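Not measured: the values here are computed from a predicted model. Residue numbers start from 1 in every chain, and the chains themselves are labelled A, B, ... in the order their sequence lines are given, proteins ahead of strands.
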Amino acid sequence: MSKYDHKVIEHKWQRQWEKDKLYKTPDKKAGAENFYLLTEFPYPSGNLHVGHWYAFSVPDILARMLRMQGKNVLYPIGFDAFGLPAENAAIKNKINPRTWTEKNITYMKKQIRSMGASFDWSREVVTCDPVYYKWTQWQFLQFFKKGLAYQKETPVNWCPSCKTVLANEQVIEGRCERCETEVVQKQMLQWNLRITDYADRLIDDLKKLDWPEPIKEAQRAWIGRSEGAEIDFPLVEKDVKRIVLLHGREASSKSLFLPWLKKKLEERGYTVEVPDMPNPNNPNDDEQTEYVRKHCKLDAHTAVVGHSFGGIVALRLLERGVKLGRVTLVGTPYSGNWLDSKKRPTVRVALKKGFDFKTIRKSCDGFVALYDTGDKIVPMSDGEAYAKKLSCPLIKGKGTEWHFLGKQEPDVLRAAAPSITVFTTRADTLFGGTYLVLAPEHPWITLALQHRGLLKNEVEIGRYIAISRKKTERERQESKDKTGVELKGMKAINPATGKEIPLWVADFVIGSYGTGAVFADAHDERDWEFAMKYNIPLKETLEPLVIRSSGLDAVRKEGSFFDRPAILAFVQHWSEEKYLAVRYKPTDTRGCVSGGVNAGEDIIEAAKREVCEETGYVNTEFVRKLGTPIHGKYYSDVRKMNIFAHFTPLLFKLTDGSRQEISQKEREDHDVMWLSKKEMGDYINREDMHIAWSRVGGDVCYAWKGILFDSGEFNGLTSDEAIPKIGAKYGRLVKQYHLRDWIVSRQRYWGVPIPIVHCPKCGLQPVGDKNLPIKLPEIKDYLPDGRGKSPLAKAKKWVSVKCPKCKGKAERETDTLDTFVDSSWYFLRYTDPKNSKQFAANSKQKNWMPINLYSGGAEHTTMHVLYSRFWHKALFDLGLVRDKEPYTRRMNRSLILGADGQKMSKSRGNVIDPDEVVERLGADTVRMYLAFIGPYNEVSSYPWNPDGVVGIRRFLERVWRLGQRPSNIMDVRHPYIESLLQKTIKKVGEDIVAQKFNTAISALMIFLNSVEKEALRQAQGKQAIGKGQWEIFLKLLAPFAPHIAEELWDGLGHEISIHKEKWPAYDPAKLKDEIVTIAVQINGKTRGEAEVPADADKSILEKAAREAVTSRLEGKQIVRTIVVPGRLVNFVIVE
RNA sequence: GGGCGAGUGGCGGAAUGGUAUACGCGCGUGGCUUAGGACCACGUCCCGAAAGGGAUGAGAGUUCGAUUCUCUCCUCGCCCACCA
């Protein structure tokens, strides 16, 4: 009898399978359905850890079984080979990152092969290979050409240690994910991908996917869609009451656009004048400027808004020293064929004409604003550059076709008359908006500070902004104490009430979310707290609405409510600090005195009457009302109807303790007692009474939804009804996302070079397809320079290039792409890995996409998985892929911890080295142990138990031993274990498909235990199992322990690999036992067992059951008998 | 503070409306053995001598019957977090 020598066996078969090309997967296989099983490809860190084993060898079980079941399974592997560690190693050890990476890949490949996983290595993909990243670059360029990739000055997370930009996802609690250095905010020009354009689709398309709900929910939450409204709060220009509108050269400017704008500005309270300038179709700026000077009254109280050529005139006025309150240039809100595309918008003309912008700025008391339409004629990037030159804000417009003028109203208006736009999800509280709060980063503040004198406390404001800019994200998070400074000298107008309200700057408002500005009201905890701290007036506009749960059904059933005025009365003791508590017994309502107000009755009198009726106390003295009424919808059990009660909460004090006799009924219905303040709070069990009680102690913030009052035409509506109505009337209904655009540029060497050329004449130019890939140049120094430039910038020769368009001198982009870009499409390349003409031919993709099952780590849910879904959708829109979604099914696997239950880490010294365990116990044992440790796809984690691994090894040893004794194996099928074998086939197959590998292995163990027991029964190890049965068992074992199964199979004399065998089928007829044991229950508790034939009918079952528990049934009356055939009989008896 | 998820032996876990604790580890007793355990057999939720009875975080509900469904509370884990 030979020993189970895993080393020999595993080495032998791994070589043999490779030689036979056992796992080379054809694109198509006759009669076999394709199945694409994907697991995340590893980063070549240089050493395989247990997590890799868990990720690769466990899904391999599924791959192997599906193959045996006749599927053509693609189970590919590759390396996600770009990234920081290679570069860090390069800097530290002065070796080329490529050398380092390739060495690691070679070593890890060897390790991966030791798993005996059925990877198809012929399709291996390595992202740092130029033949791969050529197509990463190509796809990026397709996105660039479509406007999906763009450059933007962005506040970014900057790691001072790694000297690079980090994605939001790489910042953990304000620290760099990799080196844990504190991250700082920095403004830098970055490449972005417009993932936010896909936010809605990324959420909505989740519906169709067969993913576990928690993973979908995590993505939804990360995208964070919230629906609300943008509302403009016009700023009060104390000094500017008049606006002069200067028209442009086109007739429409004068006849269509400016009259409309004039009307809008007049609605805002300005006096507006549109001078009739000479030669509108062939203007001369000198002539027109003189005309305006002569015919219009211009002073520091006048603003000039110049449209198109009119803007030039406005600038000329400033240049000639005319004092103006404010100047706004409205670029070109029209596009379309009537406007010669060669003609440039105002500012470009202005720049050409050589204006002296210093003089211009000096002459303007207010500020210059620029309206850029962002259409094809004026690319947004140009607008931004000019705005910078002018030190003025850029207000961006959308949709510039002239006949859609109505739609762009807010954009143009915001430019012509300054206003602050806020985002809110609670437009229902707009009428209570008593102040505005801007983020310190808000562009308007920056602008306002540039114009001295506009704000009265600019020094204080400047200091505050400087302080909050210095704060790291972390500090902002930690200091829950809200700070802020009022912007003195400036007021805004609440568009709903028309009232002037103050503006504040505070860093609890986040610049990057919404519009970076909020309006504050009495129904928000933060606003409340801030207002209390700084003594800013608040105004309540919501009355609480409480719907009691018992009432909800009633609402649905009957729909209408009976309105009832009512009171809630708290009564204070005449001498002690105690309050009168009342319990209404029939419904166990605990709280204060409550009751209805009769028709024509005074509210306070009604309350006094109720106090007297319920408690007997007579000498009540009214103290005060406790805030606004509280409304309650509920179903009255007493009246059998829906009640809509409107409670006025009141506070009384007794002057003395005199009491009257209470009626019999009231006494029966009510408990009355005196409770201290604290006791009272605990005692009250009804929400409306809680709200009223909270007001006894003073003002509190009511932050929930309710019913509107003091809100004009919206009075009486509920919050949910009012939110869209108010939002639409005073602003625009919009959606906001927490998801930011994806910043893809990295100031690093070891990544895919961004294939863009910067030309001083032509701007950003894509590299021609013929010149791809743009290969990484060899350089000597991989250190970033720390100023935000990639080390590539040092490769002077490489950087200098001819512009693809004008052939003039130009420079290459030196940033590289985020590695999440590389991994956004790698699974497509597996379908066609050798293609030199396309990233993957459509016909090849068709064989495998979309992926049937993608197994990976939970940490990628909001990163890689979301990014690659976006990437795929973008490719879909370009017609480059066939599916809207790449992954039909996504599963997140669990986590393997160290033996101490902690995350494995070198510092804890709890790292399990898989190589060592494989050496000692074998790959089959490690694979199988990992599969056995617990359910694979639970959001859970399992400690690696060194003893537990040994248990699996013991199991395999026992399998081995059984196979070594021919005397164990009969020629014919062993009848005793046949039905168990059938059940095992069924269970193992079903559990593997469900990825419940642990219970599948348990079934194999049960089977083996049973065989061994049988061997023992059959006189010392003889004839325990039939040969056919043994072969079936080996086939069931093959996916889990491929090497030992192959060796034993081979030992039986088979020529062809067990892994090419067909998965055993079970005979449903043989699954059933002839005799089954059923449970006998009495009142649902198991009290005995009975053996009955499987096909026994109800009466036989009942009879057998009765016999099993005869003694317990004696003298008892059986009320009911429940019979579940094959399972149990339950007697319901009366005690 | 918000979202998601989980609580079952000494431990990993099984059972998703029908005999709670399968399977494995650990532990105990015995065997084989000079010895050892990566061997074999038996035992191993709690109370009880037994007959019995009790137990799936706590409490309630639905049901003939609940680990499983519903509600309340407690504890733990993960993710997000001054998000307007």
For atom [atom1] of [X] and atom [atom2] of [N], their distance in whole Å:
X: L895(A); N: C79(B); atom1: CG; atom2: P; result: 10 Å
X: L438(A); N: A84(B); atom1: CG; atom2: P; result: 18 Å
X: F508(A); N: A84(B); atom1: CZ; atom2: C1'; result: 9 Å
X: I723(A); N: A84(B); atom1: CD1; atom2: C1'; result: 12 Å
X: I1001(A); N: G13(B); atom1: CD1; atom2: C1'; result: 13 Å
X: I1082(A); N: G65(B); atom1: CD1; atom2: C1'; result: 13 Å
X: I1122(A); N: U19(B); atom1: CD1; atom2: P; result: 14 Å
X: L897(A); N: G77(B); atom1: CG; atom2: P; result: 13 Å

If we take the [atom1] atom in both [N] and [M], what is their distance in whole Å?
N: G18(B); M: G9(B); atom1: C1'; value: 23 Å
N: G10(B); M: C27(B); atom1: C1'; value: 8 Å
N: C23(B); M: C42(B); atom1: P; value: 12 Å
N: C74(B); M: G59(B); atom1: P; value: 15 Å
N: A14(B); M: C64(B); atom1: P; value: 31 Å
N: G24(B); M: A41(B); atom1: P; value: 11 Å
N: U8(B); M: U68(B); atom1: C1'; value: 12 Å
N: G26(B); M: U72(B); atom1: C1'; value: 38 Å

Consider the side chain of [X], meaning its heavy atoms from C-beta on, and name the nucleotide among [options] that approaches it most closely.
X: I933(A); options: C82(B), G12(B), A38(B); value: G12(B)
X: N998(A); options: A38(B), A84(B), G13(B); value: G13(B)
X: D947(A); options: C82(B), G26(B), A14(B); value: G26(B)
X: W222(A); options: C80(B), A84(B), G12(B); value: C80(B)
X: V950(A); options: C23(B), C40(B), A38(B); value: A38(B)
X: L921(A); options: C82(B), A38(B), C39(B); value: A38(B)
X: Q1081(A); options: G18(B), C4(B), C42(B); value: G18(B)
X: S226(A); options: C64(B), G13(B), A84(B); value: A84(B)
X: P214(A); options: C4(B), C42(B), A84(B); value: C4(B)

Do the side-chain N or O atoms of [X] get closer than 4.0 angstrom to the phosphate oxygens (OP1, OP2) of [N]?
X: K996(A); N: A15(B); value: yes
X: R1120(A); N: C64(B); value: yes
X: R954(A); N: C25(B); value: yes

Could you check whether [Y] and [X], counting side-chain N and O atoms only, form a donor-acceptor pair closer than 3.5 Å?
X: R958(A); Y: N1009(A); answer: yes
X: T1121(A); Y: N1130(A); answer: no
X: T483(A); Y: Y534(A); answer: no
X: R920(A); Y: H6(A); answer: no
X: D507(A); Y: S468(A); answer: no

Should [N] form a Watson-Crick or G-U wobble pair with both distances under 3.5 Å, which nucleotide is its partner?
N: G28(B); answer: C42(B)
N: A51(B); answer: none
N: C23(B); answer: G12(B)
N: G5(B); answer: C76(B)
N: A35(B); answer: none
N: U62(B); answer: none

(request) Output yes when a side-chain donor or acceptor of T984(A) lies under 3.5 Å from a complementary backbone atom of F1007(A), and no otherwise. (result)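 Such a contact is absent between T984(A) side chain and F1007(A) backbone.
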
(message) Test your reading of the model: is there a side-chain donor-acceptor pair from R426(A) to the backbone of D524(A), 3.5 Å cut-off?
(response)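 Judged by distance alone, no pair lies under 3.5 Å.
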
(message) For C64(B), does the base pair up with any side-chain atom of N1130(A) as donor and acceptor (N or O, under 3.5 Å, distance only)?
(response)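 Looking at the base of C64(B), it does pair with a donor or acceptor on the side chain of N1130(A) (distance under 3.5 Å).
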
Within the 4.0 Å heavy-atom criterion, would you say [X] contacts the bases, only the backbone, or no part of the nucleic acid?
X: K987(A); value: nothing
X: L1128(A); value: base
X: S1002(A); value: base
X: G514(A); value: nothing

(request) Could you tell me whether F932(A) and F1040(A) have their ring centroids closer than 6.0 angstrom? (result)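 Here the rings of F1040(A) and F932(A) have centres that are no less than 6.0 Å from each other.
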
(request) Compute the ring centroids of F530(A) and W528(A), then answer whether they are less than 6.0 Å apart. (result)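 F530(A) vs W528(A): aromatic centres not under 6.0 Å.
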
(request) State the syn/anti category of G65(B) according to its glycosidic angle, syn meaning within 90° of 0. (result)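 With its glycosidic angle more than 90° from zero, G65(B) counts as anti.
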
(request) Report the residue (N1009(A) or F519(A)) whose heavy-atom-nearest nucleotide on RNA chain B is the more 5′ of the two. (result)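 It is N1009(A), whose closest nucleotide lies nearer the 5' terminus.
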
(message) With nearest nucleotide decided by heavy atoms, which residue, F932(A) or T1086(A), maps closer to the 5′ end of RNA chain B?
(response)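 Upstream on the strand: T1086(A).
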
(message) Quick test of your reading of the model: are K735(A) and D200(A) salt-bridged, counting only N-O distances below 4.0 Å?
(response)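 Yes.
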
(request) Apply side-chain hydrogen bond (donor to acceptor under 3.5 Å, both in side chains) to N910(A) and list each qualifying residue two or more places apart in sequence or on a separate chain. (result)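 N910(A) satisfies side-chain hydrogen bond (donor to acceptor under 3.5 Å, both in side chains) with D900(A) once adjacent residues are dropped.
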
(message) Below 4.0 angstrom, which residues in residues 938-946 of chain A have at least one non-hydrogen atom near RNA chain B?
(response)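 RNA chain B contact set from residues 938-946 of chain A: S940(A), Y942(A), N945(A).
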
